[in-house]
Amino acid sequence: MAKILVTGGAGYIGSHTIVDLVEKGFQVVSIDNHHNSSPKAIDNVSKIVGQNIQNYAIDLCDAHQVAQVFETHPEIEGVIHFAALKSVGDSVSDPIFYFRNNMGGMINILEQVQKHQVKAFIFSSSCTVYGNADELPVTESTPMKPAESPYGRTKQFGEQMIQDIAPVCPDTNFISLRYFNPAGAHPSGLIGESAMNKATNLVPVITETANGKRASMSVFGEDYDTRDGTCIRDYIHVMDLADAHTKALQFALEGRAKNNTEVFNLGIGEGVSVLEAIQAFEKTSNTTLNYTMGPRREGDVVAIYADKSKATTLLGWNPSKGIEDIMRTAWAWELDRKY
Ligand code: NAD
Ligand code: WQD
């Protein structure tokens, strides 16, 4: 039973991934300072898996405390590094804070990975590294464009740091996972998306509007060159994403990678427009959403969706959930939020 360190384990994707890891036989410890998460997330993960998950509420930017976790758990075989700040807008207003947290935390973790010759390191990257891609669907070799925000740059830097560190860490297999648009919640209703900041992503904005927390919502742009004029994205259910992490971890631990750095796209490979997402919500929730057609949002790419064939072929990953499953579970979570 390999022991895995999950950073950002109380966060949205981290908490769902811990459930999947434990259900598939891994032992997990977490580091999360709750900058953007509730301690209840870890309590509820523990309820779902029927065992106590230990979280160290420390800041990854504190190199000494990070080192102590590795000294306390010398048997850590893999690290899944989720912990980062993720608001595109905040990163534009305070880039130093973003660089310090996301790069500083990652350096401290990578230092311990190198020191302890950890076998597997999985990094949360993002489709944001592609920017406004020239070709669709995007493959892992689609060229990166200059990042649209300091946040996006922290993901490009993170991937590049791995490329530079990998040659001096021959015992470690590094994997960067480029998520498209994660959404939805665990079917138990015990964990879901619950950022401390005001939600700006489409799915929580829809569910909060339908639940009366917002009077109405705006569709950002209706005159794009797409089938209905609204932007297209690849929405991926958080439990399919969690499953991909476990599969990537197994791939890295078993040394199945040809090189010690790999990159995978994680999306379902289908583009869904904003209006199609709203229709899927209205159908699954049996409600009518109060929305208006509004102006474009600055910085939005017109359309992006993944070619997921590399993850399917090499990891054996076959996401099974679509936009209606996403809306059904996100709505159930919103109606009975536990934190
Ligand atoms: P989240 O904010 O819910 O989770 C991140 C967790 O990391 C939070 O619980 C936060 O408290 C913790 N954290 C941040 N900085 C820390 C630090 N210095 N020390 C200790 N803990 C710290 O975010 P998420 O949606 O679960 O995203 C997880 C990862 O996936 C992030 O790296 C994010 O950039 C990336 N990502 C997210 C999305 C998305 O849309 N949710 C898309 C692509 C990539
Ligand atoms: C989706 C679509 C909006 C809200 C962001 C980050 C990206 C990655 C994933 C981390 C867009 C439209 C939204 C609203 C709307 N995160 N929308 N009304 O922008 O694709 O990606 O999260 O790495 O880096 O930028 O996601 O959920 O904000 O938007 O019409 O109130 O919904 O214009 O077309 P996005 P999103």
Side-chain angles (χ1 to χ4, degrees), residues 6-17 30-39 41-42 55-62 65-66 80-89 91 97-98 100-106 108-109 123-131 147-149 151-152 154-155 158 176-183 192-197 199-206 208-209 214 216-222 224 226 230-236 238 241 245 266-267 272-275 277-278 291-305:
V6 172
T7 75
Y12 173 45
I13 307 170
S15 56
H16 290 77
T17 300
S30 161
I31 293 178
D32 196 310
N33 65 355
H34 302 302
H35 179 86
N36 196 34
S37 56
S38 163
I42 294 283
N55 179 61
Y56 291 90
I58 61 167
D59 188 338
L60 283 177
C61 294
D62 183 332
Q65 289 199 304
V66 172
I80 307 186
H81 179 50
F82 291 105
L85 303 174
K86 63 167 181 177
S87 160
V88 172
S91 80
F97 183 46
Y98 266 65
R100 180 174 287 133
N101 190 77
N102 292 7
M103 303 337 298
M106 187 162 171
N108 290 339
I109 277 286
F123 171 56
S124 294
S125 188
S126 168
C127 66
T128 196
V129 300
Y130 295 113
E148 298 276 333
S149 67
Y151 165 74
T154 69
K155 294 302 172 192
S176 295
L177 298 177
R178 295 176 180 161
Y179 317 152
F180 281 65
N181 288 60
E193 189 167 5
S194 184
M196 299 289 116
N197 298 334
T200 56
N201 288 124
L202 179 66
V203 175
V205 167
I206 289 177
E208 288 182 12
T209 306
R214 298 165 192 248
S216 80
M217 63 164 284
S218 171
V219 172
F220 296 144
E222 56 179 327
Y224 285 103
T226 60
T230 67
C231 289
I232 288 181
R233 297 288 184 273
D234 185 335
Y235 297 92
I236 167 82
V238 67
L241 203 54
H245 285 78
L266 297 180
V272 171
S273 75
V274 179
L275 285 177
I278 289 174
Y291 67 92
T292 53
M293 303 307 290
R296 293 180 175 194
R297 180 174 68 177
E298 207 187 320
D300 264 337
V301 301
V302 181
I304 189 160
Y305 50 96

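Every number for a ligand or one of its atoms is a count from 1 in the order of the listing.
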In terms of residue, atom name and distance, what is the protein heavy atom nearest to [atom]?
| atom | result |
| --- | --- |
| atom 3 (O) of ligand 1 | Tyr12 N, 2.8 Å |
| atom 21 (O) of ligand 2 | Asn181 ND2, 3.8 Å |
| atom 5 (C) of ligand 1 | Ala84 O, 3.9 Å |
| atom 15 (N) of ligand 1 | Asn101 ND2, 3.1 Å |
| atom 38 (C) of ligand 1 | Pro182 CG, 3.9 Å |
| atom 4 (O) of ligand 1 | Gly11 CA, 3.4 Å |
| atom 19 (N) of ligand 1 | Leu60 N, 3.0 Å |
| atom 30 (O) of ligand 1 | Tyr179 CE1, 3.2 Å |

Inset, instruction - Would you sort out whether Val66 and Ile109 count as a side-chain contact (heavy atoms from CB on, under 4.5 Å), showing the intermediate values? - result: CA-CA 7 Å; Val66 172; Ile109 277 286; 4.1 Å; yes

With heavy-atom distances below 4.5 Å as the criterion, would you say the side chains of [X] and [Y] are in contact?
| X | Y | value |
| --- | --- | --- |
| Asn55 | His34 | yes |
| Leu241 | Ile13 | yes |
| Ile80 | Thr7 | no |
| Asn201 | Glu193 | yes |
| Val6 | His81 | no |
| Tyr179 | Lys155 | no |
| Gln65 | Ile31 | no |
| Arg233 | Tyr305 | no |

Heavy-atom distance to [atom]: which of [options] wins?
| atom | options | result |
| --- | --- | --- |
| atom 6 (C) of ligand 2 | Val302, Val88, Val203, Ile13 | Val88 |
| atom 29 (C) of ligand 1 | Phe180, Phe82, Phe123 | Phe82 |
| atom 17 (C) of ligand 1 | Asn33, Ile236, Ile13 | Asn33 |
| atom 6 (C) of ligand 1 | Thr7, Asn36, Asp32, Asn108 | Asp32 |

For the residue pair [X] and [Y], what are the closest heavy atoms and their distance?
| X | Y | value |
| --- | --- | --- |
| Ala10 | Ser38 | CB-O, 4.0 Å |
| Ala83 | Leu60 | CB-CD1, 3.4 Å |
| Ile42 | Ser30 | CD1-OG, 4.0 Å |

Keeping [X] on the side-chain end and [Y] on the backbone end, is there a donor-acceptor pair under 3.5 Å?
| X | Y | answer |
| --- | --- | --- |
| Ser126 | Thr128 | yes |
| Asn102 | Leu85 | yes |
| Asn33 | Ile58 | no |

Please identify which atoms of ligand 1 are closer than 4.0 Å to at least one heavy atom of [X].
| X | result |
| --- | --- |
| Tyr151 | 33 (C), 34 (O), 35 (C), 36 (N), 44 (C) |
| Gly8 | 6 (C), 7 (O) |
| Asp59 | 17 (C), 18 (N), 19 (N) |
| Ala83 | 7 (O), 13 (N), 21 (N), 22 (C) |
| Ser124 | 29 (C), 30 (O), 32 (O), 35 (C) |
| Ser125 | 43 (C), 44 (C) |
| Ile58 | 19 (N), 20 (C) |
| His35 | 11 (O) |

Inset, instruction - State which residue, out of Ile206, Asp300, Thr230, Ile232, fulfils the side-chain contact (heavy atoms from CB on, under 4.5 Å) condition with Val274. - result: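 Option passing the side-chain contact (heavy atoms from CB on, under 4.5 Å) with Val274: Thr230.
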
Where does [X] meet ligand 2, judged by heavy-atom distances below 4.0 Å: at the side chain, the backbone, both, or neither?
| X | result |
| --- | --- |
| Thr200 | backbone |
| Tyr151 | side chain |
| Ser218 | backbone |
| Tyr235 | side chain |
| Val205 | side chain |

Legend entry - Gap between atom SG of Cys231 and atom CZ of Phe220 - 0.5 Å precision: 10.0 Å

Inset, instruction - Look up atom CD1 in Ile278 and atom CG in Leu202, then write down how far apart they are to the nearest 0.5 Å. - result: 6.5 Å

Report yes if some N/O of [X] lies less than 3.5 Å from some N/O of ligand 2; otherwise report no.
| X | value |
| --- | --- |
| Leu202 | yes |
| Asn201 | yes |
| Val219 | no |

Legend entry - Non-hydrogen atom of Gly105 closer than 4.0 Å to ligand 1: no

Inset, instruction - Go through the steps to decide whether Phe97 and His35 satisfy the test ring pair (Phe, Tyr, Trp, His ring centres under 6.0 Å), and finish with yes or no. - result: CA-CA 13 Å; Phe97 183 46; His35 179 86; 5.8 Å; yes

Inset, instruction - Determine, step by step, whether His16 and Phe82 satisfy the ring pair (Phe, Tyr, Trp, His ring centres under 6.0 Å) criterion, reporting the C-alpha distance in whole Å, the side-chain angles of both residues, the deciding distance to 0.1 Å, and the verdict. - result: CA-CA 12 Å; His16 290 77; Phe82 291 105; over 10 Å; no

Legend entry - Non-hydrogen atom of Lys86 closer than 4.0 Å to ligand 2: no

Provide the number and element of each atom of ligand 2 under 4.0 Å from a heavy atom of [X].
| X | result |
| --- | --- |
| Asp300 | 3 (C), 19 (O), 33 (O) |
| Thr128 | 24 (O) |
| Cys231 | 34 (O) |
| Val274 | 12 (C), 30 (O), 32 (O), 34 (O) |

Legend entry - Under 3.5 Å: N/O of Lys86 near N/O of ligand 1: yes

Legend entry - ligand 1 to His81 polar contact by distance, N or O atoms, under 3.5 Å: no

Legend entry - Residue portion contacting ligand 1 (non-hydrogen atoms closer than 4.0 Å) for Ala195: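 Answer for Ala195: neither.
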
Inset, instruction - Record the part of Lys155 in heavy-atom contact with ligand 1 below 4.0 Å; permitted values are side chain, backbone, both and neither. - result: side chain

